[in-house]
Chemist: 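Sharing a structure here in structure tokens format.
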Amino acid sequence: MVQSSSPMVVVANRLPFIVKKDENGVLVRKQCAGGLVTAVAPVVVETRGLWVGWPGLHKEDNLEYIPESSPDDKSPTAGLKSEQVIPVMLPRQLFDDYYNGCCNACFWPLFHSMPDRALFQSDKWQAYLTANKEFAARAVDAVKKIHAEQPDAVPLVWIHDYQLMCAANFIRNGCEAEGIQVKLAFFLHIPFPSWDMMRLFPWDDELLQNILGADSIGFHLEDYCFNFLDCCQRRLGCRTDRQKMLIKHNARLVTVHPLPISIPYERFQSLAQVAPAVVKNNPEEQILLGVDRLDYTKGLVHRIKAFERFLEKHPEQIEKVVFIQVAVPSRTDVKEYQELKEELDMEIGKLNGRFSTANWSPIRYIYGCISQEQLAAFYRDSSVALVAPLRDGMNLVAKEFVACQTKEPGVLVLSPFAGAGSSMAEALQVNPYETELYADTINRAITMPKEERELRMSLLKKREREKDVNYWLESFLESVNCDCKNTSGRLSP
Ligand code: G6P
């Protein structure tokens, strides 16, 4: 396990589990263990740290206590005691304005460079600030608690993602008022947009200044780091050093780091080794696979169009291939997501109606969540994974597919507009907007000779095995510790 010398306080929109009432009305934890949770939760447990976040309930729900994990819980959060969890419970309306109104209807599209979908509403931005203050106040409580138990330690407060971009500054002020020293780090899990996008946000100066409340800021890619430096320089007039990735703000030096996130590689590999086989129409059938949250950034409709074109151009593949699309329901209260669902249902229905035969349908569409074991089986037994978002901070599906290739090697088709595209060079690249080429790339993937598949996949696997989520976590901790030594340095003139 990755070690940290400081007690870690994680501040994220979500707790690593959801609190729900079971059928008997008893409060239980429902796990939502993604890669981040798998890697970070054990560090919180080990350092006697805390996790601050939303438990899935609101103030009106009167949550009396956080349930302990059940004795048979083998998930990475099982060791997290209820006293290590600080729930943030906002009034329902405030939460709705903050989460749906600002995070998901404004920042999400804007940061994915889709400004036409973004709504800029002053009251939602105010709700965002209020909610961030509330998360920050609970984080200061967490720091105080740690300080009381471990007075010599300097807690590391690690804030996550676009829901909490203003929290660092509020936590800094709160800890200063208490006279407690902390290290403040912020990591953004989505792209950081160019200045051309950022300047569309009417309160961009306030936003940037609040992000700069952190001592250390991480993004997946160097490109996102440069975008951030550029915005701070152009909007706030900060002095920046692109080589050292430093920003001078209010007499403080803030460091910026490219830290591409990854997956728990071995966990996926082990799952793939034991998961039962996917049922096929016949042993020769080849599976094309897509796995995404149902989100307009994922290029789902573009994918269906490309698959349709592929079937038109290659009728010889009819009844020989099947496209399994798993679409996980997401943010269903936001209009854009509801509309996308309708469009996707319609497009898939049209395509299936057009090409299905008596014994075969070209698309198997699963709208819902599937188990990790089922997911690993799909990854392992697919010939091709289609990971072609229009824009994506990183995209972990590409990496999970690779980790699960334990049998016949498959082919990864990847868009350059996913963060993963900048390192996974042995994938077949595809621009999701170019339907014709997309269709040809699907054909190339499905007919690729075994030798080439083996070579590409072995190189992809080697990289992902070495740079897994623990490597990401170690690099993050190293970067924070280096910052403490180096921020007394100066910016070059
Ligand atoms: C993206 C974001 C995460 C978010 C996840 C699921 O990966 O970067 O912060 O948790 O989507 O979205 P949700 O709105 O359901 O938390």
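Each ligand, and each atom within it, is numbered from 1 in the order the structure gives.
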Chemist: With heavy atoms of Ile190 as the reference, note each atom of ligand 1 found under 4.0 Å away.
Modeler: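 Those of ligand 1 that fall under 4.0 Å from Ile190 are 8 (O).
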Chemist: Evaluate His189 for polar contact with ligand 1, using N/O atom pairs at a separation under 3.5 Å.
Modeler: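 Looking only at distances, the answer is no, because the N/O contact criterion of under 3.5 Å is not met.
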Chemist: So, are Asp73 and Arg29 salt-bridged, with charged N and O less than 4.0 Å apart?
Modeler: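 The answer is no: the pair does not qualify as a salt bridge.
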Chemist: Is it true that a side-chain atom of Gln84 and a backbone atom of Gly49 form a donor plus acceptor pair closer than 3.5 Å?
Modeler: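 Yes, Gln84 side chain to Gly49 backbone: donor-acceptor pair under 3.5 Å.
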Chemist: Which residue owns the protein heavy atom closest to atom 14 (O) of ligand 1, what's the atom, and how far is it?
Modeler: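 Nearest neighbour among protein heavy atoms for atom 14 (O) of ligand 1, to 0.1 Å: Tyr99 OH, 2.5 Å.
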Chemist: Mind checking ring pair (Phe, Tyr, Trp, His ring centres under 6.0 Å) for Phe268 and listing every partner two or more places apart, or none if nothing turns up?
Modeler: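 Phe268: no ring pair (Phe, Tyr, Trp, His ring centres under 6.0 Å) contacts found.
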Chemist: Heavy atoms only: which of Met394, Arg331, His160 lies closest to atom 6 (C) of ligand 1?
Modeler: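 It is Arg331 whose heavy atom sits nearest to atom 6 (C) of ligand 1.
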Chemist: Please check if a non-hydrogen protein atom sits closer than 4.0 Å to atom 8 (O) of ligand 1.
Modeler: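 Yes; the ligand atom in question has protein heavy-atom contact below 4.0 Å.
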Chemist: Among protein heavy atoms, which lies nearest atom 2 (C) of ligand 1, and at what distance?
Modeler: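 In this structure, atom 2 (C) of ligand 1 has Asp161 OD2, 3.3 Å as its nearest protein heavy atom.
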Chemist: Below the 3.5 angstrom mark, is there an N/O of Trp108, backbone or side chain, next to an N/O of ligand 1?
Modeler: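 No.
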Chemist: Going by the rule ring pair (Phe, Tyr, Trp, His ring centres under 6.0 Å), which residues pair with Phe107 if we only count those two or more places apart in sequence or in a different chain?
Modeler: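 Phe111, Tyr128, Phe201.
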Chemist: Please confirm whether the ring centroid of Phe187 lies under 6.0 Å from the ring centroid of His220.
Modeler: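 For Phe187 and His220, the ring centres are under 6.0 Å apart.
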Chemist: Considering both backbone and side-chain atoms of Arg14, is one of its nitrogen or oxygen atoms within less than 3.5 Å of a nitrogen or oxygen in ligand 1?
Modeler: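 It does: an N or O of Arg14 is found under 3.5 Å from an N or O of ligand 1.
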Chemist: Before accepting this row, confirm whether a basic side-chain N of the pair Glu426/Arg463 lies closer than 4.0 Å to the acidic partner's carboxylate O.
Modeler: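 A salt bridge links Glu426 with Arg463.
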Chemist: Are Lys124 and Asp97 ion-paired here, with the side-chain N under 4.0 Å from a carboxylate O?
Modeler: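 Looking at Asp97 together with Lys124, the answer is yes, because their closest N to O distance falls below 4.0 Å.
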Chemist: Quick one: does Gln163 get a heavy atom under 4.0 Å from ligand 1?
Modeler: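 The answer is yes: ligand 1 sits under 4.0 Å from a heavy atom of Gln163.
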